[in-house]
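Have a look at the structure below, then the notes.
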Amino acid sequence: RWGYTAEDSAASFEKLDIDKDGLIDFTEFIEMWPKLEESFVPNRYKGIVTVFLKRAKGLSLPLFGPTDPIVKLQVGDQVVQSKRDSRTSPGEGEKGESIWNEVFELNCQSPRDQKLEIIVEEGTRLGLRRKGKEIARSAVPLSKLLVKKSRKLNVKLEPQGSLRIDISYADFVDHRSC
């Protein structure tokens, strides 16, 4: 999830293993950490986006059976997925309403240029509709969070519905500049 590849890890461990014995002891780690730390997450990412996925209203419903929608959130190449919600089935709560109450964190490389992609998909268990079929989508530019770091949003979904989220952004602290 950090964007730290297997090749990055191998190179890092190679740097830490000063005596080249294939093991990294505490002394080696302490000695090499200041040099190695520059290649870790805070330098790859500028900050972190936290999304509190609350609820959806007005989602399209299948003609037969529940849809149990899931929400996929994406920033750059990072994707997280909510649990299924079965409250969309007729007779349980408002028609087309889903409630998740889940929190997700995604690292952000460039809050000025990136956006939070939101995709609502079917997650049906009955097989009457295709699992993974897109119901609705939207996007929130992260640049909105540069001035006011936290917002409560009612995101309009296309082609129909809305999604209630709380979203915040926090810069990683670069302790070397303190």
Side-chain angles (χ1 to χ4, degrees), residues 1-9 12 39-62 65-89 92-94 96-127 129-174:
R1 292 182 57 193
W2 286 1
Y4 201 69
T5 66
E7 292 79 21
D8 292 337
S9 297
S12 295
S39 66
F40 278 93
V41 175
N43 292 329
R44 292 182 183 265
Y45 296 102
K46 301 254 190 263
I48 191 161
V49 176
T50 304
V51 180
F52 178 23
L53 175 62
K54 292 182 172 184
R55 65 177 26 181
K57 289 189 176 190
L59 296 176
S60 65
L61 292 173
T67 183
D68 293 336
I70 59 168
V71 176
K72 289 185 179 177
L73 304 172
Q74 182 171 356
V75 173
D77 60 354
Q78 297 173 86
V79 180
V80 294
Q81 179 177 305
S82 73
K83 65 182 186 276
R84 274 192 285 222
D85 180 73
S86 59
R87 292 186 49 134
T88 345
S89 34
E92 294 181 35
E94 288 184 39
E97 179 181 302
S98 290
I99 299 172
W100 292 278
N101 288 330
E102 288 186 83
V103 176
F104 301 95
E105 291 183 336
L106 297 136
N107 293 313
C108 178
Q109 292 175 327
S110 176
R112 244 178 245 304
D113 305 322
Q114 288 185 296
K115 56 189 166 188
L116 171 69
E117 299 281 344
I118 302 167
I119 301 163
V120 183
E121 293 182 351
E122 291 181 16
T124 185
R125 288 179 260 171
L126 301 178
R129 296 181 87 189
R130 292 181 306 172
K131 183 178 179 180
K133 180 182 174 200
E134 187 174 301
I135 298 172
R137 74 169 34 236
S138 191
V140 177
L142 297 180
S143 58
K144 288 184 169 191
L145 299 171
L146 293 177
V147 176
K148 187 175 178 187
K149 301 282 187 190
S150 181
R151 294 184 182 259
K152 295 177 184 295
L153 298 176
N154 195 27
V155 180
K156 183 178 180 333
L157 298 170
E158 293 296 331
Q160 74 180 57
S162 63
L163 190 70
R164 183 76 177 149
I165 63 171
D166 292 351
I167 184 169
S168 63
Y169 173 78
D171 288 317
F172 284 128
V173 176
D174 185 356

Taking it one step at a time, do E134 and I119 satisfy side chain to side chain contact (heavy atoms under 4.5 Å, CB included)? CA-CA 7 Å; E134 187 174 301; I119 301 163; 3.7 Å; yes
Please determine whether side chain to side chain contact (heavy atoms under 4.5 Å, CB included) holds for the pair N107 and V75, giving the CA-CA distance in whole Å, both sets of side-chain angles, and the decisive distance to 0.1 Å. CA-CA 7 Å; N107 293 313; V75 173; over 6 Å; no
Stepwise salt bridge (charged side-chain N to carboxylate O under 4.0 Å, His left out) check, E121 with K133: CA-CA 5 Å; E121 293 182 351; K133 180 182 174 200; over 6 Å; no
F104 and L53: side chain to side chain contact (heavy atoms under 4.5 Å, CB included), yes or no, with the steps? CA-CA 8 Å; F104 301 95; L53 175 62; 4.1 Å; yes
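By the 4.5 Å heavy-atom criterion applied to side chains, L73 and L116 are counted as neighbours. Between C108 and L142, the closest side-chain pair of non-hydrogen atoms falls below 4.5 Å. For the pair V103 and T50, the minimum side-chain heavy-atom distance is below 4.5 Å. Between K46 and Q109 the shortest side-chain heavy-atom distance does not fall below 4.5 Å. The side-chain heavy atoms of L59 and V120, taken from C-beta on, include a pair separated by under 4.5 Å.
A search for side-chain hydrogen bond (donor to acceptor under 3.5 Å, both in side chains) contacts involving S110 returns D113, not counting sequence neighbours.
Atoms CD1 and CZ, on I167 and F52 in that order, are 13.5 Å from each other to the nearest 0.5 Å. Atom CD1 of I165 is separated from atom OG of S138 by 8.5 Å, given to the nearest 0.5 angstrom. Distance CD/Q74 to CG/L106: 9.0 Å, rounded to 0.5 Å.
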Anything under 3.5 Å between a donor and an acceptor, one on a side chain of residues 148-159, the other on a protein residue two or more places apart or in another chain? List them.
{"residue": "R151", "atom": "NE", "partner": "K144", "partner atom": "O", "Å": "3.0"}
{"residue": "R151", "atom": "NH2", "partner": "K144", "partner atom": "O", "Å": "3.1"}
{"residue": "K152", "atom": "NZ", "partner": "D166", "partner atom": "OD2", "Å": "3.4"}
{"residue": "K156", "atom": "NZ", "partner": "E158", "partner atom": "OE2", "Å": "3.2"}

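Counting non-hydrogen atoms of neighbouring residues, nucleotides and ligands closer than 6.0 angstrom, the NZ atom of K54 exceeds 12 such neighbours.
When every heavy atom of Y169 is checked against every heavy atom of P111, the shortest pair comes out as OH-CG, 3.4 Å. Residues I99 and E97 approach most closely at CD1-OE2, 3.6 Å, considering heavy atoms. Of all the heavy atoms in A139 and E117, the pair that sits closest is CB-OE1, 4.0 Å. K115 and P141 get closest at one heavy-atom pair: CB-CA, 3.8 Å. Considering every non-hydrogen atom in both P69 and W100, the closest pair reads O-NE1, 3.5 Å.
Within the 3.5 Å criterion, the main-chain N or O of G58 finds a donor-acceptor partner in the side chain of Q160.
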